[in-house]
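A quick write-up on the structure given underneath.
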Amino acid sequence: MQAEQAQAQPQPTEPTYVWWQRGIIYEVYPHSFMDSNGDGVGDLKGLISRFDYLRWLGIDAVWLSPIYPSPMKDFGYDVADYTAIHPRFGTMEDFDRLVRETHAHDIKLILDFVPNHSSDQHPWFIESRSSRDNPKRDWYIWHDPAPGGGPPNNWLSNFGGGAWEYDPKTAQYYYHAFLREQPDLNWRNPQLVEAMLNVLRFWLERGVDGFRVDVLWHLIKDDQFRHNPPNPYWREGADPYQKLLELHSTDQAEVHAVVTRMRRLVDQYQDRVLIGEIYLPVERLVQYYGIDLSGVHVPFNFQLLLAKWNARDIARIIAEYEAALPKGGWPNWVLGNHDRSRIASRVGPTQARLAAMLLLTLRGTPTLYYGDEIGMRDVEIQPAKVQDPFEKTVPGLGLGRDPQRTPMQWTAAKNAGFTEGEPWLPIAEDYPQINVEAERDDPFSMLSLYSRLIKVRRCESALEVGVLEPVETTGDLLSYVRRDGESAFLVALNFGTKPETLNISGKGFEGRITLSTWLNRSADSVRGDLYIRPEEGLLVRLLTQTQSGDVLI
Ligand code: GLC
């Protein structure tokens with residue numbers, strides 16, 4: 001009877017987590033991952049041939065930058081057809097195989113969705129610009145010249161110069177937040193919204209597991225097109241786009257209704273994810289979770305890309321971010337992407353090992369950029385080899401993104417095993433040492449560190465989904481505990497060049513070292529003072545006293 005009663009007691013329900021909460025996202029820049037046909041540019045077949053590696057590495061999802069037909073003015077972020085594959089990357093059959101192979105390897109596939117603008121070669125824009133009364137005129141953002149002539153307002157293009165292009169045929173300007181070959185779509189037009197939601201449906205039906213939505217905070221602009229105010233902090237020599245604050249051209253309140261439409265659609269399919277590319281301060285970023293989490297699942301958190309690289313700033317960022325998250329909003333951290341200098345170049349190769357431990361032990365979905373796991377660095381590009389339009393339109397300020405987009409380094413063979421042909425961007429000179437094949441067999445390599453960190457993370461719910469408890473530290477030391485029920489890990493990262501100690505018994509801890517970024521450190525038991533070498537990161541499994549006095553490991 002007693003047993004029956006006990007059974008009838010409501011059991012506390014274990015929280016459940018979906019794949020994109022537990023998982024690790026890996027960005028593949030398709031031009032540079034693997035070339036299968038010798039044209040020097042990566043392709044879908046090449047990517048498929050590397051799935052065994054991705055499975056071995058232990059990532060859970062591939063986010064693939066755009067693979068759609070495009071004049072490639074912005075390397076695929078100028079889409080000329082949203083529901084087809086650029087022949088450079090393969091065919092729709094190859095794509096369907098890609099979906100099958102991804103899933104056969106127990107990996108998810110996330111596509112890049114570029115809704116803010118199309119290519120000027122998209123048939124919609126060709127129609128739109130053909131006359132003022134064309135039915136698709138309003139699918140883009142057209143405006144009369146300012147009274148007295150000239151562009152309608154002072155808005156700037158992210159890629160340099162003004163954001164308005166005059167079209168003599170119809171005597172109006174169109175708006176382009178990026179290149180003039182990337183006219184902005186008008187998300188205030190209901191037909192355009194329907195057409196774009198149909199694009200999402202098309203790929204969802206083909207089996208993709210979600211989308212990374214390009215420049216999501218840009219989709220809606222001020223309906224009165226008011227001038228943007230000057231940025232008082234801008235200084236000569238900085239990115240000219242930053243001269244103005246993007247007050248009226250981005251992050252408008254009405255954008256959230258658009259995001260909700262996308263989310264509702266994605267939710268009609270099982271287990272899909274919506275990720276937003278959003279560069280905004282934290283308090284505005286978290287608005288994109290939406291009211292009652294009706295927005296994107298993952299508003300990309302880029303703070304590690306932009307942070308000053310020191311323990312105090314990063315501790316502050318973690319605390320502020322955790323505090324800003326809405327109830328139930330799942331955190332995430334991004335360490336690299338195709339738009340930013342690579343981590344090994346930003347902070348140097350030793351600190352990049354610390355960064356790997358940070359990324360893979362923080363609370364929230366980690367996103368890593370292809371090649372960062374082997375320690376690839378930015379490659380200096382000679383002027384004659386420059387591809388990126390940003391470097392061409394705003395030269396000499398170090399804004400170009402080719403350095404971080406160079407081909408993946410697979411082996412020490414010719415062209416790093418990336419292509420049989422002439423690679424579209426130069427291969428890093430360090431490829432004979434920095435490559436997957438060499439690093440897989442080297443226990444001290446960056447790749448070995450990543451693979452161990454990923455394996456530990458995948459096995460330990462404390463690291464995958466546990467809470468994060470900051471540990472008070474000063475100076476160059478950053479520390480926190482990740483805990484899930486009885487299981488807990490202490491992370492201690494020494495950003496400085498002098499040894500540090502952390503008195504862990506004083507905090508009630510004892511434990512055993514699971515992993516060091518130095519790697520040649522034994523699995524010592526630690527109590528009392530934890531000694532952390534210069535620029536070392538330590539992951540320590542905490543031994544928890546149970547009530548019965550047993551020590552759980
Ligand atoms: C996003 C992309 C970037 C692209 C821009 C315009 O920021 O990540 O590569 O140039 O949007 O589409």
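First listed ligand is number 1; within each ligand, the first listed atom is number 1.
- Atom-to-atom distance recorded for R401:CZ and L425:CG is 12.0 Å, nearest 0.5 angstrom.
- Nearest protein heavy-atom neighbour of atom 11 (O) of ligand 1: D214 OD1, 2.9 Å.
- Which parts of ligand 1 touch F159 is read off a 4.0 Å heavy-atom cut-off, strictly below it: atoms 10 (O).
- A side chain to side chain contact (heavy atoms under 4.5 Å, CB included) with S65 holds for exactly one of D112, V114, N337; it is D112.
- Under the ring-ring contact (aromatic ring centres under 6.0 Å, His included) criterion, Y269 pairs with no residue at all, not counting sequence neighbours.
- With a 4.5 Å cut-off on side-chain heavy atoms, H117 and H176 do not count as touching.
- Listed by number with element, the atoms of ligand 1 under 4.0 angstrom from any heavy atom of R401 are 3 (C), 4 (C), 9 (O), 10 (O).
- Under a 4.0 Å heavy-atom criterion, Y279 is not in contact with ligand 1.
- Ring centers of H122 and Y140: at least 6.0 Å apart, outside the cut-off.
- In this structure, the side chains of S157 and Y241 stay at 4.5 Å or more apart for every pair of heavy atoms.
- Residue R212 touches ligand 1 through its side chain alone, judged by heavy-atom distances below 4.0 Å.
- The shortest separation from a heavy atom of R405 to ligand 1 is under 4.0 Å, placing the residue in contact.
- Looking only at heavy atoms of the protein, atom 10 (O) of ligand 1 is closest to D74 OD2, 2.6 Å.
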